[in-house]
Amino acid sequence: TNLPALTDPRCAPIVALLTDPTVKKAGHNIKYDWQVLRRAGVELEGVTYDSMLASFVLDPSRRSHGIDALALDHLARSMQSYSDVAGKGKTEVPFAEVPVEAAAAYCGADSATVVALHQFFAPRLADTTLQPLLDDIEMPLVRVLVDMEWAGIRIDPAPFARLPKELSV
């Protein structure tokens, strides 16, 4: 049996860890995970590192900042794909239905890769003096983007309505 919902009292220790701002959290594209947790009723706190953003800061013109590409290129490590675990097309199952052992192995490998990428990128960020860009600008913006995506943004549709005429010249 998979874990109960995060709102279940049995998950209180996990929720306490995720919401504790003094416990540092790291991830890869952590904005996505933050949104998933928020939809589940858990507000993530203590986010300090994102390996996707570290890669972007170091090499903004890189073709892919996906964890699988970074692991292969920088760590000589291949990653199991989501479809390897959950299936694809007609055989795909929701991740909640993936056997616990397979889900744990998949998530554990992702977590270990984030740590390894942090160790790989840290000296490069320090050598290029880009660490402050990651820590002081990019990482704080993650929360802002999570909030913007959650609430949405309001736009004035009038300028967009004029665009087809202006661009058809």
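We count residues from 1, following the sequence as given.
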Shortest non-hydrogen contact from P4 toward R10: CB-NH2, 3.4 Å
Sole residue of F121, F56, Y49 in side chain to side chain contact (heavy atoms under 4.5 Å, CB included) with L134: Y49
From CA spacing to verdict: salt bridge (Lys or Arg N to Asp or Glu O under 4.0 Å), K25, D33: CA-CA 11 Å; K25 318 302 185 299; D33 300 316; over 6 Å; no
Where Q35 and V146 come nearest, the two heavy atoms and their spacing: NE2-O, 3.1 Å
Spacing of CG belonging to L75 relative to CG belonging to L117, to within rounding of 0.5 Å: 4.5 Å
Hphob cluster co-occupancy, I153 + W150, side-chain heavy atoms under 4.5 angstrom: no
Between CD1 on residue I30 and CE on residue M52, distance to nearest 0.5 Å: 10.5 Å
Rounded distance [0.5 Å steps], NE2 in H74 versus CZ in R124: 8.0 Å
N/O donor-acceptor pair under 3.5 Å between D68 side chain and M79 backbone: no
Any side-chain heavy-atom pair of T48 and M139 under 4.5 Å: no
L37 side, atom CG; I14 side, atom CD1 - distance, nearest 0.5 Å: 10.5 Å
Point-to-point distance, once rounded to the nearest 0.5 Å, from CG of L58 to CG of L53: 11.0 Å
Non-hydrogen atoms of L44 and W34 that approach each other most closely: O-CZ2, 3.4 Å
Closest non-hydrogen atom pair, D136 against P140: O-CG, 3.5 Å
Transitive ILVMFWY cluster of V36, excluding itself - 4.5 Å side-chain cut-off: Y32
Nearest heavy atoms of A69 and S64, plus distance in Å: CB-OG, 3.7 Å
Minimum heavy-atom distance S55-L70, with the two atoms named: OG-CD2, 3.2 Å
Beyond-backbone contact of T113 with H28, side-chain heavy atoms, under 4.5 angstrom: no
Verify same cluster id: V23, L6 (apolar side-chain graph, 4.5 Å): no
Counterpart residues, side chain to side chain contact (heavy atoms under 4.5 Å, CB included), relative to Q80 (two or more places apart): D84, V85, Y106
Cluster check I137, V47: I/L/V/M/F/W/Y, side chain < 4.5 angstrom: yes
T19: partners by side chain to side chain contact (heavy atoms under 4.5 Å, CB included), with sequence neighbours left out: V15, V42
Validation row: E45, R143 side chains within 4.5 angstrom (heavy atoms): yes
